[in-house]
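Here the structure is a predicted model, which means the values were calculated and not measured.
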Amino acid sequence: MAVNLADLSLPQLEGLKTQLDTEIEFFTSSIGQLKVVQTKFVEAKESLNVLNKNNQGKELLVPLTSSMYVPGTLDDVDHVLVDVGTGYYIEMSVDDSKPFFKRRIDFITKQMEKIQPVLQEKHAVSQAVIEVMNVKIQQLQQGQQSAAKKSS
C-alpha cells in the first residue's frame, strides 16, 4: 500500500524521517561491518601466497592477540587452520582453502550488493520526506503571515 507523502501531517512526516534515519544508520553500519569481514577474508586469502617451500623454516611473528606477537618458525607450508565460524577451525590444505575464501568473499559481496539498493532507496525516500516537510513548513509560515496581515 503506497502512501502519498503530501497526505501526511508534519508530525507524521517527522516520525517517518526519524524511522528512515534509523534504518539508514542500520544499513550503513551493516555494509561497514561486511566490508571489514570481506577485507579480512581477502587478506587471509592473499596471505596464503607466502606459504610455499621457499619460506619453509623462516622465522616469523605469530599473532596471539590483535596486538601481541611471539616469534615462531614456519614449519608446515602445505596446511592451514581455517576459522569456519563460531570458534571452530578446520585443517585444510592451502589449495583447498583458497576456494573456501573465494566463496566467503563472493557471499559477502553478494550480501553487500543486496543491501546497497535498499540503502539508496531509503536515502531517496528520506530526501522526498524532507522536501515535503519543507513545503509544509513554508505553507504554515505563509498561512501565519497571511493571518497576521488580516489581523492588522
Are [X] and [Y] connected in the hydrophobic side-chain network, where two residues link if heavy atoms are under 4.5 Å apart?
X	Y	answer
Ile137	Leu16	yes
Leu81	Met92	no
Leu60	Leu48	yes
Val37	Phe27	yes
Val50	Val42	no

Glu25, CD: over 12 other non-hydrogen atoms inside 6.0 angstrom: no

Neighbour count >12 (heavy atoms, 6.0 Å) for atom CD, Glu91: yes

Parallel, tilted or perpendicular: rings of Phe100 and Phe41 (30°, 60°): perpendicular

Got [X] and [Y] here, is their nearest side-chain heavy-atom distance under 4.5 Å?
X	Y	result
Leu74	Leu51	yes
Gln116	Glu113	no
Ile130	Gln127	yes
Leu140	Lys136	no
Ile115	Leu34	yes

Evaluation steps, side-chain contact (heavy atoms from CB on, under 4.5 Å), between Asn49 and Lys98: CA-CA 10 Å; Asn49 295 329; Lys98 288 179 182 180; 3.8 Å; yes

Identified salt bridge (charged side-chain N to carboxylate O under 4.0 Å, His left out) partner of Asp106 from the options Lys110, Lys102, Arg104: Lys102

For [Y], does its backbone N or O pair with a side-chain atom of [X] as donor and acceptor, under 3.5 Å?
X	Y	answer
Thr18	Glu14	yes
Ser30	Phe26	yes
Asn55	Asn52	no
Lys45	Ser97	no
Lys35	Met112	no
Ser47	Ala44	yes

Shortest non-hydrogen contact from [X] toward [Y]:
X	Y	value
Leu5	Val132	O-CG1, 3.7 Å
Val70	Leu64	CG1-CD1, 3.5 Å
Gly72	Val62	CA-CG2, 4.2 Å

Gln138 versus Gln142, side-chain donor and acceptor atoms under 3.5 Å: no

Please round to the nearest 0.5 Å and tell me the distance separating atom [atom1] of [X] and atom [atom2] of [Y].
X	Y	atom1	atom2	result
Leu10	Lys17	CG	NZ	13.0 Å
Met68	Leu61	CE	CG	12.0 Å
Gln19	Lys122	CD	NZ	7.0 Å
Gln139	Asn134	CD	CG	11.0 Å
Leu8	Met133	CG	CE	11.0 Å
Thr28	Leu119	OG1	CG	4.5 Å

From CA spacing to verdict: side-chain contact (heavy atoms from CB on, under 4.5 Å), Val94, Val80: CA-CA 6 Å; Val94 171; Val80 291; 4.2 Å; yes

Pairs touching residues 60-84 that satisfy side chain to side chain donor-acceptor pair (under 3.5 Å), sequence neighbours left out: Lys53-Asp78, Asp76-His79

